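In the text below, chain A, chain B and the rest are named by the order of the sequence lines, each starting its count at 1. What you see is a predicted model, and the numbers here were worked out from it, not measured in a lab.
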Amino acid sequence: MLRLYNTMTRSVDQFRPIEEGKVGLYACGLTVYNYAHIGNLRTYVFEDVLRRVLALDGYEVKHVMNVTDVGHLVSDADTGEDKMEVGSQREGRSAWELADFYFEAFRKDMARLSLLEPDIWCKATEHIEEQIELVRGLEERGFTYTIDDGVYFDTSRLKDYGKLARLDVEGLEAGARIETVPGKRNITDFALWKLSPGGQKRQMEWESPWGVGFPGWHIECAAMSVKYLGDHFDIHCGGIDHIPVHHTNEIAEVEALTGKTWVNWWMHGAWLVLPTGEEDEREESESVKMAKSGENFITLDLLIDRGYDPLVYRYFCLNAHYRSPLTFTWRALDGAANAYERLKNRVVELKGSGGAGSVSESHYAAFRDALEDDLNTPRALAAMWGVVRDENLSGADRYATLLAMDEVLAFGFEKMEAPEVVVDEEVERMIRERDEARRRKDYATADRIRAELLERGLLLEDTPEGTKVKPCSSR
RNA sequence: GGCGGCAUAGCCAAGUGGUUAAGGCGACGGUCUGCAAAACCGUUAUGCUCCGGUUCGAAUCCGGAUGCCGCCUCCA
């Protein structure tokens with residue numbers, strides 16, 4: 001029985017799909033004006049686990065993810081510049097090129113983290129018509145008003161505005177420090193269609209019934225999710241930051257239009273946080289979130305440059321529950337790297353034990369129970385280690401069980417091989433020499449050769465089957 | 001100012017009323033080895049920020065204190 005936390009109800013509830021056996025899943029994608037940082041990626045790892053667990057439970061999942069390639073303003077007070085235009089100026093290429101470049105970079109990161117691609121990618125710029133239609137619908141129903149800089153949604157017309165975030169609208173007003181757009185009727189009102197500033201030609205702008213301009217941020221997710229998943233679907237997820245503004249406004253748009261509940265399940269991933277101050281010298285529990293605008297912008301490429309397998313980062317994420325903030329430190333990542341390395345060694349060893357194995361029911365049940373309990377991946381990993389350690393099971397059975405678990409873990413157990421090392425003639429000769437030295441108990445020579453090879457990045461292991469060569473980790 | 005969240009071993013992190021507080025990393029001891037490496041075994045929180053309370057029983061519920069974080073600008 002699958003139980004998932006629902007932000008709307010603030011409780012873990014038994015998951016029930018709208019249509020038997022099927023799940024419509026919408027995940028908020030990236031604004032493609034820069035690389036994804038590992039904090040962004042944590043959320044996509046969570047969504048990947050969600051999707052895989054749904055599949056494990058037999059659901060046919062239709063996974064839709066948007067690509068925000070326009071309309072995302074630097075400030076959400078509906079002032080400021082479009083991030084795409086800013087990025088374009090920064091990098092001296094067109095907004096369209098920028099979007100393509102970072103979208104492809106994102107897909108590459110996803111692949112390296114074993115994230116399944118959505119069934120449907122949808123770009124905001126390719127759905128302008130749908131967005132205009134949605135705004136027209138809202139206009140017809142009297143939920144909009146037009147001011148100098150665009151068409152706005154009148155949030156006061158919606159009785160339950162802010163229900164997802166449980167917003168205290170009055171409280172917002174009291175403490176607001178938002179730069180207000182002149183003419184906005186309520187502090188929570190937001191732009192549906194922004195008009196291009198007078199006389200200024202934007203790279204990305206379109207005709208509309210209200211004039212040349214571009215769509216507001218929230219309208220794209222509303223329009224595209226409705227297009228591909230219908231006006232009532234199962235799960236919508238994203239980062240926790242989307243609760244108060246983005247998802248709140250999407251709900252307002254769609255539910256104002258249809259007059260009924262739009263999404264049954266809202267799920268949100270917690271932050272990856274960074275300790276403040278110098279690592280190892282910081283005060284306890286001080287931390288700060290990773291932000292695209294900050295200096296603490298760590299990409300997957302940086303991890304790879306530092307010698308980490310990208311799947312180490314996947315392991316690192318899985319070791320914490322998706323609703324808990326996760327502290328990123330290089331030290332903690334090293335812990336994950338060591339664990340992952342050891343896991344790989346064991347898997348390769350077990351794979352080589354031969355024979356056809358069968359899945360251990362008890363271990364697998366523990367694993368699955370953990371995942372079905374609101375995607376408790378830390379417990380699932382514990383169950384995985386339980387298999388690795390269980391000497392009562394044959395190697396083949398353990399391997400078979402791990403393979404079954406890999407449907408969700410996606411570490412690629414099946415493809416794991418003992419690391420191949422190119423051994424040239426010289427190295428081969430040195431190894432032979434060392435073996436001879438060992439035979440005549442000339443350990444000084446043997447150790448000298450071993451040290452020399454280590455200098456070249458080759459690690460020797462003496463096993464009952466002879467000397468093996470492995471590449472030694474760069475770290 | 002308003003709203004919300006968190007505080008578990010050297011580190012990361014599960015557990016949210018009831019036998020001995022998961023798992024991983026690290027460390028230490030051991031088996032194996034000429035020595036290592038890999039692998040395996042063992043040890044590593046009589047206690048869950050602190051102080052009260054409820055209860056037969058609390059890390060888990062309630063109140064308070066302290067510290068930290070997030071949102072209310074952009075953000076996964």
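- Between B/C48 and B/C3, the distance separating the two C1' atoms is 28 Å to the nearest Å.
- Across every strand in view, B/C6 sits in a pair with B/G67 that passes the Watson-Crick or G-U test at under 3.5 angstrom.
- If you check every strand for non-hydrogen atoms under 4.0 Å, A/Gly269 touches nothing.
- Between A/Leu333 atom CG and B/A13 atom P there is a gap of 13 Å when expressed in whole angstrom units.
- For B/G24, the OP1/OP2 oxygens have a side-chain nitrogen or oxygen of A/Arg389 closer than 4.0 Å.
- Atom-to-atom, CD1 of A/Ile243 to C1' of B/A76 comes out at 11 Å; the value is rounded to the nearest Å.
- Toward the 5′ end of RNA chain B lies the nearest nucleotide of A/Ala320, the other residue of the pair A/Ala320 and A/Tyr315 mapping further downstream.
- With both pairing distances under 3.5 Å, B/C61 is matched to B/G53 as a Watson-Crick or G-U wobble pair.
- The side chain of A/Thr43 approaches B/A76 more closely than any other nucleotide in the set B/C25, B/A14, B/A76.
- Side chains of A/Val347 and A/Phe411 form no contact here, defined as non-hydrogen atoms less than 4.5 Å apart.
- Neither OP1 nor OP2 of B/C3 sits under 4.0 Å from any side-chain N or O of A/Arg10.
- Listed candidates were B/G10, B/C25, B/G34. Nearest to the side chain of A/Asn338 is B/C25.
- As judged by a 4.0 angstrom heavy-atom cut-off over every strand, A/Asp447 is placed among the base-contacting residues.
- At whole-Å resolution of the value, CG in A/Asp369 and C1' in B/G15 are 15 Å apart.
- Two residues are said to be in side-chain contact when any heavy atoms from C-beta on lie closer than 4.5 Å; A/Arg306 and A/Leu333 fail this criterion.
- Under the Watson-Crick or G-U wobble criterion, with both distances below 3.5 Å, B/U43 is paired with B/A27.
- Across all strands shown, A/Ala270 has heavy atoms under 4.0 Å from base atoms, whether or not it also approaches the sugar-phosphate.
- Across all strands shown, B/U19 forms no Watson-Crick or G-U wobble pair with both key distances under 3.5 Å.
- The backbone N or O of A/Asp69 sits nowhere less than 3.5 Å from a side-chain atom of A/Thr125 that would complete a donor-acceptor pair.
- For A/Trp217 and A/His242, the ring centers are positioned less than 6.0 Å apart.
- A/Arg346 comes within 4.0 angstrom of sugar-phosphate atoms only, judged by non-hydrogen atoms across all strands, and of no base.
- Aromatic ring centres of A/Tyr152 and A/Phe190 lie farther apart than the 6.0 Å criterion allows.
- Counting to the nearest Å, the C1' atom of B/A14 and the CH2 atom of A/Trp385 are 16 Å from each other.
- For the pair A/Asp334 CG and B/A27 P, the interatomic distance rounds to 12 Å; values are reported in whole Å.
- Separating the C1' atom of B/C69 from that of B/G63 is a span of 23 Å, rounded to the nearest Å.
- Under the side chain to side chain donor-acceptor pair (under 3.5 Å) test applied with A/Arg438, the options A/Asp462, A/Thr445, A/Asp447 reduce to a single match, A/Asp462.
- Only the P atoms considered, B/G57 is 35 Å distant from B/G24, to the nearest whole Å.
- Closest to the side chain of A/Glu349, from the set B/A37, B/A38, B/A76, is B/A38.
- Taking the side chain of A/Thr327 as heavy atoms from C-beta on, and the options B/G10, B/G23, B/A13, the nearest nucleotide is B/A13.
- A salt bridge is defined here as a Lys NZ or Arg NE, NH1 or NH2 lying under 4.0 Å from an Asp or Glu carboxylate O, and A/Asp48 with A/Arg51 fails to meet this definition.
- Relative to the side chain of A/Arg379, the nucleotides B/A76, B/A14, B/A38 differ in distance, and B/A14 lies closest.
- Separating the P atom of B/A22 from that of B/G47 is a span of 16 Å, rounded to the nearest Å.
- Comparing the P positions of B/U19 and B/G10 gives an interatomic distance of 24 Å, to the nearest angstrom.
- For the pair A/Tyr443 and A/Pro378, nearest-nucleotide mapping onto RNA chain B gives the more 5' position to A/Pro378.
- If you check every strand for non-hydrogen atoms under 4.0 Å, A/Arg450 touches a base.
- Among the nucleotides B/C12, B/A14, B/A76, the one closest to any side-chain atom of A/His321 is B/A14.
- Of the nucleotides present, none pairs with B/U33 by Watson-Crick or G-U wobble criteria with both distances under 3.5 Å.
- Atom CG of A/Asp48 is separated from atom C1' of B/A76 by 15 Å (rounded to the nearest Å).
- As the counterpart of B/G1, B/C72 is assigned, both hydrogen-bonding distances of the Watson-Crick or G-U wobble pattern falling under 3.5 Å.
- Taking the six-membered ring where the residue is Trp, the centroids of A/Tyr322 and A/Tyr5 are separated by 6.0 Å or more.
- Look at CG on A/Asp374: it is 14 Å from C1' on B/U16, rounded to the nearest Å.
- Among B/A36, B/G10, B/C12, the nucleotide with an atom closest to any side-chain atom of A/Asp462 is B/A36.
- Remark: the A/Asp13 side chain and the A/Ser11 side chain contain an N/O donor-acceptor pair separated by less than 3.5 Å.
- Comparing B/G34, B/A13, B/A76 by their closest approach to the side chain of A/Asn319 singles out B/A13.
- B/C62 sits 14 Å from B/U16 when the C1' atoms are compared, rounded to a whole Å.
- A gap of 26 Å separates the P atoms of B/G18 and B/C12, to the nearest Å.
- B/C71 and B/G26 have their P atoms separated by 34 Å, with the value rounded to a whole Å.
- The base of B/C6 does not come close enough to the side chain of A/Arg323 for any donor and acceptor atom to sit less than 3.5 Å apart.
- Within the nucleic acid shown, A/Arg448 has no heavy atom closer than 4.0 Å to any nucleic acid atom.
- Taking side-chain N and O atoms only, A/Ser324 has a distance below 4.0 Å to OP1 or OP2 of B/A14.
- Looking at the side chain of A/Trp271, the nearest of the listed nucleotides B/C40, B/G70, B/A37 is B/G70.
- Checking B/G24, B/A13, B/A76 against the side-chain heavy atoms of A/Leu326 singles out B/A13 as nearest.
- B/C48: no Watson-Crick or G-U partner with both key distances under 3.5 Å is found in any strand.
- Between the C1' atom of B/C72 and the CG atom of A/Asn186 lies a distance of 16 Å, rounded to the nearest Å.
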